[in-house]
Amino acid sequence: MTCDAGGTGQQEHDSNEKAAAMASYTPAQQEAIDCLDEPLQIIACAGSGKTQVISQRIAAILAQPGVEPRNVIAFTFTEKAAAELKDRILGIVAAERGEIVGMAEMYIGTMHGYCLDLLQRLVPETFKFSVLSDITARLLVDRNSKKSGLTTCPTLPRATQSHLKRYQNSSLFLQAMSVLREDVVDDAQVPEGVAASFHSYMKLLYNHASFDYTEMIHLAVQFLEADPDEDENAAVVQKHVRDDIRYVVVDEYQDVNPLQERLIEGLVRHGANLCVVGDDDQTIYQWRGSQVSNIVTFAERHDGVRRVTLADNFRSSPGIVELGRSIAERVPDGERLPKRMVSAESQEWQRGDLLALSFDDAEGEAAWICDRIEEMRGVPFRDTPDAEPRGLSWSDCSVLFRSVAKDADPLVAELKRRGIPYVVKGLNRLFDTPEVEAVVGIFRFMVQEISAGELRTLWQNAELLPEGYDWPAALDVLEQGRAFEQGGRFGVYNIQRVYLDFLEKLTLREETVPGPEGRGELVYYQLGKFSQVISDFEQIYFTTEPAEKYQSFVSWLTHQAPGYYAESNADVGYAAPDAVTLSTVHQAKGMQWPVVFVPCLRKNRFPSQRHGGLGLFHVLPQEAVEDPDRYRGTVEDETRLFYVAVTRAQKYLNLTYSPGRTTRYRNRSPFFDHCSDQRWVSTRPSTRPLPDRLPAVPRRETPQLTFSFSELKYLFECPYSFKLRFLYGFNPPLHEALGYGKGLHDALAEVHKRAIAGELLDASDAEDLVERHLHTPFAYPELRATLSAAAIKAIRRYFATHGEEIPQTEHSEKQVQVHVAPGITVDGRIDLIRRLDTDELSIVDFKSTDRAQAEEVTRDQLHVYAVGYGELTGENADLVEVLNLDEAGQTTREEIEDSLLTNVHNKIWEAGEALRANDLPRLNSWCDQCDRCDFVALCRDKPASRSRR
DNA sequence: TATCCAGACCTTTTT
DNA sequence: GGTCTGGATA
């Protein structure tokens with residue numbers, strides 16, 4: 001599920017009223033919107049209404065005769081930006097032309113998501129692949145430290161060590177492995193040993209049926225570039241691109257890396273129109289490989305490019321805009337596109353709005369910031385020139401740090417002391433809390449690193465022992481769990497199981513957490529996060545020898561994991577709190593606030609000094625890479641980052657400095673001095689009284705919610721189980737048979753897709769299909785054999801009972817989408833849609849006995865599919881069927897009724913609203929739902945009348 | 001005043 | 001491993 005909880009900053013939209021009244025585009029904006037047939041490059045300065053222009057242009061594309069939504073692709077950099085853009089486009093299209101059919105088939109999202117989707121729709125060999133996160137990729141490499149090529153990867157002579165080391169250098173290794181695929185690399189310059197490591201790593205990835213983030217795009221690009229006569233998959237992919245793709249829009253083009261550039265080229269090679277949107281001044285991710293030269297040389301690389309510059313800033317006062325411009329112009333001319341941002345004067349500038357102040361120490365600085373935040377509360381502010389003024393509130397203020405982790409502490413302490421509500425983003429400290437220390441203690445006890453007494457002390461100190469807790473029972477879970485010599489299979493020694501059982505026996509529920517009101521929620525959030533930590537680890541180490549597995553887990557917890565997992569304690573739920581935002585400048589990209597603080601402007605911090613340590617260029621010679629400096633970070637990069645920080649402010653900007661504790665950070669940042677010299681900026685606070693206060697009104701915003709069908713299913717079944725699963729992050733224990741159901745689905749998907757293409761498979765293909773699609777990484781050998789035999793049988797059975805209907809397949813894995821209300825969208829795929837002999841159109845959902853991902857399909861869910869299908873095709877299906885692939889399985893078949901459809905629509909809407917209000921209660925009493933629930937032990941006791949299974 | 005050297009310190013993060 | 005700082009030295 002993706003959700004822009006917003007909460008903290010307003011997205012870069014000029015508010016919805018403006019969107020509605022936006023008959024008035026500037027000439028430049030209108031030119032961009034109208035240009036549909038030439039390659040278009042939009043240079044969008046900060047606050048220039050970029051998202052609105054893109055949305056309007058896409059609406060114009062869709063309004064052309066003969067253009068269908070599936071002909072359009074729009075890439076954004078984050079899922080959040082995608083949700084925002086999608087909602088805006090749907091809004092415009094609905095207002096201009098009412099609902100249009102097939103919107104689910106317009107791709108708006110990240111390039112990674114697109115490539116994964118493309119592969120898993122068109123290339124059967126990839127159906128079983130799953131995606132590794134940074135964390136799980138690193139676990140995989142460390143677990144297979146030799147096989148992955150990590151420890152055989154040589155370093156260059158000037159490094160202090162000759163090879164990369166397990167654990168210590170795995171993230172560097174992964175960076176190098178990514179750069180080798182993402183960048184333009186001169187193969188001749190890559191040391192032989194590194195090339196060999198790369199080969200090993202790729203082999204490991206494919207053997208594990210896993211993509212890392214880079215590989216999704218890399219593989220898609222290979223299919224786009226390969227000779228279609230030589231590669232069947234390439235032919236299929238390229239045919240799809242040639243037939244379907246007519247418009248490609250790329251947002252944040254300045255952050256595109258060379259591999260992504262190749263993807264874009266591959267998609268438009270057959271004549272699709274390309275529009276790129278970006279601002280070279282806001283490139284802040286070079287260190288991740290993005291290449292500014294893409295945007296600078298775009299016009300040279302394409303014929304007949306129309307270039308439109310959106311220079312009007314609708315966000316900020318002239319003071320902010322001019323200050324921002326002076327910062328951008330610190331970057332030498334040759335490195336940026338010429339442009340001149342001007343203020344559209346949406347905000348008024350007054351002397352004293354922009355301050356640059358020095359303090360003697362960090363405490364003084366923090367105290368002043370808090371004073372200023374309190375002082376700003378209630379100050380009249382107009383969101384747009386024609387809006388009624390309202391009083392500023394907490395959520396109108398944000399504090400942007402170069403490094404939250406290093407610099408935010410004094411301010412956090414002061415905010416806390418004064419009781420000002422705040423939200424911190426980007427803090428890497430989940431593992432510092434006593435609660436998580438106590439949880440880690442569980443596993444340190446299991447490997448006999450600490451005694452039972454010490455464990456209990458940890459839990460006491462963390463204040464996590466509920467009233468009347470049963471310590472011996474809880475301890476017994478751990479004793480049992482560590483009886484490794486009993487010789488059970490690895491699957492028996494399930495870490496997640498132990499963890500959940502321990503919490504159960506301790507009777508630690510959200511409401512039994514000791515302490516003040518609200519602590520239960522925070523603690524449960526931490527416990528849920530930890531459940532995720534376990535999942536990440538077990539996903540890679542599940543099949544390791546139990547004793548070794550627990551030992552590895554503990555050392556991973558102590559040495560590696562603390563660096564990975566961010567805690568954001570106030571982020572529970574979608575209800576946006578009225579609070580001051582503390583965040584890094586990076587995370588503030590795309591946001592705006594009336595009041596912005598940029599504190600701790602110290603030399604060596606902002607701009608940040610260059611980093612030492614074993615780095616990328618100890619593995620790859622820098623000559624192998626084009627423009628190696630971008631991986632190192634330059635002053636110009638920091639300048640652009642500072643530019644981003646300053647241009648977040650709409651009206652009030654407070655730049656402050658205080659010396660840091662160490663000599664290194666004692667001096668003022670040159671950025672601070674630059675700003676002090678600008679005439680818009682005052683170096684003393686104004687003594688002029690602030691205008692009369694209004695009541696503080698927090699900005700209202702509607703968070704974007706997008707959920708999948710399965711998430712919706714949980715929300716319908718039991719809101720509290722949804723909360724445990726998706727808000728807190730609890731994961732059920734991994735099951736040994738995991739992957740069985742997915743494999744069956746995938747095999748049948750291939751059958752149906754081939755049928756659509758006119759190729760009919762039969763029972764004799766069953767083994768081959770299972771071989772290709774069944775991936776059960778957690779099964780022990782006998783189980784794997786059993787599952788494989790069962791799958792073959794199930795598929796043969798399917799051919800026997802439904803073989804005749806296969807030619808009547810209309811769609812397989814059809815992507816559908818239900819747009820329930822502004823900001824609430826449900827996404828999903830329908831397994832199969834087929835025409836029956838009765839000429840009725842039927843929506844089919846496959847079911848299999850895969851305990852770990854049992855899809856208890858409800859009538860509601862099927863009707864959601866029906867609604868989605870209706871929105872997609874404009875045509876209503878007649879039936880919904882659940883087809884059970886089990887031996888004894890029964891097929892159910894039901895007519896679709898209009899009244900049910902309306903009902904479901906309302907029900908989704910209600911569920912979305914409840915989610916936004918954070919109203920996710922438990923079911924009233926124990927019921928069948930609870931019997932099946934993985935987390936019932938975290939929720940309630942089993943009534944005595946229910947017998948144990 | 002210029003130069004040398006020991007010692008301290010070490011960011012950002014989406015997919 | 002690279003960079004910055006400040007005190008020691010020429």
Side-chain angles (χ1 to χ4, degrees), chain A residues 2 75-82 109-117 130-138 155-161 168-169 171-172 174-175 178 181-182 210-218 220 251-252 255-257 259-260 263 282-290 400-408 425-428 563-566 568 583-590 600 602-619 622 630-635 637-642 644-645 659-667 669:
Chain A
T2 54
F75 289 131
T76 59
F77 243 71
T78 62
E79 291 296 344
K80 188 173 152 185
T110 62
M111 297 198 201
H112 295 85
Y114 177 80
C115 290
L116 186 63
D117 190 58
S130 52
V131 178
L132 297 173
S133 68
D134 271 352
I135 295 169
T136 49
R138 193 165 166 196
T155 56
L156 296 170
R158 63 202 173 88
T160 43
Q161 56 191 79
Q168 285 176 38
N169 305 126
S171 67
L172 170 60
L174 283 166
Q175 186 194 8
S178 283
R181 287 168 287 166
E182 286 179 349
S210 301
F211 289 131
D212 63 11
Y213 288 128
T214 304
E215 192 53 23
M216 298 180 244
I217 299 185
H218 185 236
D251 193 10
E252 306 284 9
D255 283 329
V256 161
N257 68 35
L259 180 65
Q260 293 167 328
L263 172 70
Q282 294 186 65
T283 320
I284 59 174
Y285 287 121
Q286 300 86 334
W287 44 275
R288 278 183 351 210
S290 65
L400 306 181
F401 291 91
R402 175 68 242 258
S403 162
V404 168
K406 304 277 171 184
D407 287 337
K425 293 189 162 183
L427 199 63
N428 252 348
Y564 293 149
Y565 292 92
S568 42
S583 105
T584 59
V585 182
H586 286 91
Q587 293 194 332
K589 196 178 186 187
C600 305
R602 298 164 183 158
K603 191 173 174 185
N604 295 332
R605 164 106 309 134
F606 203 178
S608 166
Q609 64 172 0
R610 292 231 302 224
H611 213 183
L614 201 64
L616 179 62
F617 297 122
H618 297 264
V619 179
Q622 51 175 316
R630 65 194 211 275
Y631 286 106
R632 271 191 286 251
T634 60
V635 199
D637 297 337
E638 294 287 316
T639 306
R640 286 185 270 254
L641 189 59
F642 187 59
V644 168
R661 270 178 296 279
T662 56
T663 54
R664 184 173 219 76
Y665 302 113
R666 219 179 40 189
N667 297 318
S669 161

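Keep in mind that this is a model prediction, so the values were computed, not measured. In what follows, chains are A, B, ... by sequence order, proteins preceding strands, each numbered from 1.
A close approach under 4.0 Å does not occur between any side-chain nitrogen or oxygen of A/K589 and OP1 or OP2 of B/dT14. Listed pair A/T78 / B/dT14 fails the phosphate criterion, with no side-chain N or O lying under 4.0 Å from OP1 or OP2. For the pair A/T584 and B/dT13, the criterion of a side-chain N or O lying under 4.0 Å from OP1 or OP2 is met.
When distances run from any side-chain atom of A/H586 to the nucleotides B/dT15, B/dT13, B/dA8, the shortest one goes to B/dT13. Distances from the side chain of A/S403 to the nucleotides B/dT12, B/dT13, B/dT15 place B/dT12 closest. The side chain of A/T662 lies closest to B/dC9, out of B/dC9, C/dG6, B/dT15.
Between the side chain of A/R288 and the base of B/dT12 there is no donor-acceptor pair of N/O atoms closer than 3.5 Å.
When each of A/Q609 and A/H618 is assigned the nucleotide of DNA chain C bearing its nearest heavy atom, the one mapping closer to the 5' terminus is A/H618. When each of A/Q161 and A/R666 is assigned the nucleotide of DNA chain C bearing its nearest heavy atom, the one mapping closer to the 5' terminus is A/Q161.
A/L172 places its CG atom 13 Å from the P atom of C/dG1, with the value rounded to the nearest Å. Straight-line distance from the CH2 atom of A/W287 to the P atom of B/dC10: 18 Å, rounded to whole Å. Atom-to-atom, CD of A/Q286 to P of B/dT12 comes out at 16 Å; the value is rounded to the nearest Å. The distance from atom CE of A/M111 to atom P of B/dT15 is 13 Å, rounded to the nearest whole Å. One interatomic measurement links the two molecules: CG of A/L614 to C1' of B/dC10, which rounds to 14 Å at whole-angstrom precision. Across the protein-nucleic acid pair, A/N604 atom CG and B/dT12 atom P stand 15 Å apart, rounded to whole Å. One atom, CG of A/D134, and another, C1' of B/dT15, lie 8 Å apart when rounded to the nearest Å. With rounding to whole Å, A/Q587 atom CD is found 11 Å from B/dT15 atom P.
A/H586 and A/Y285 have their aromatic ring centers within a separation under 6.0 angstrom.
Remark: of the listed residues A/Q609, A/R402, A/R605, A/R402 is the sole one forming a side chain to side chain donor-acceptor pair (under 3.5 Å) with A/E638.
Side-chain N or O atoms of A/D212 include one that pairs as donor or acceptor with a backbone N or O of A/E215 at under 3.5 Å.
No engagement by A/F211 is indicated, since no non-hydrogen atom pair under 4.0 Å with the nucleic acid exists.
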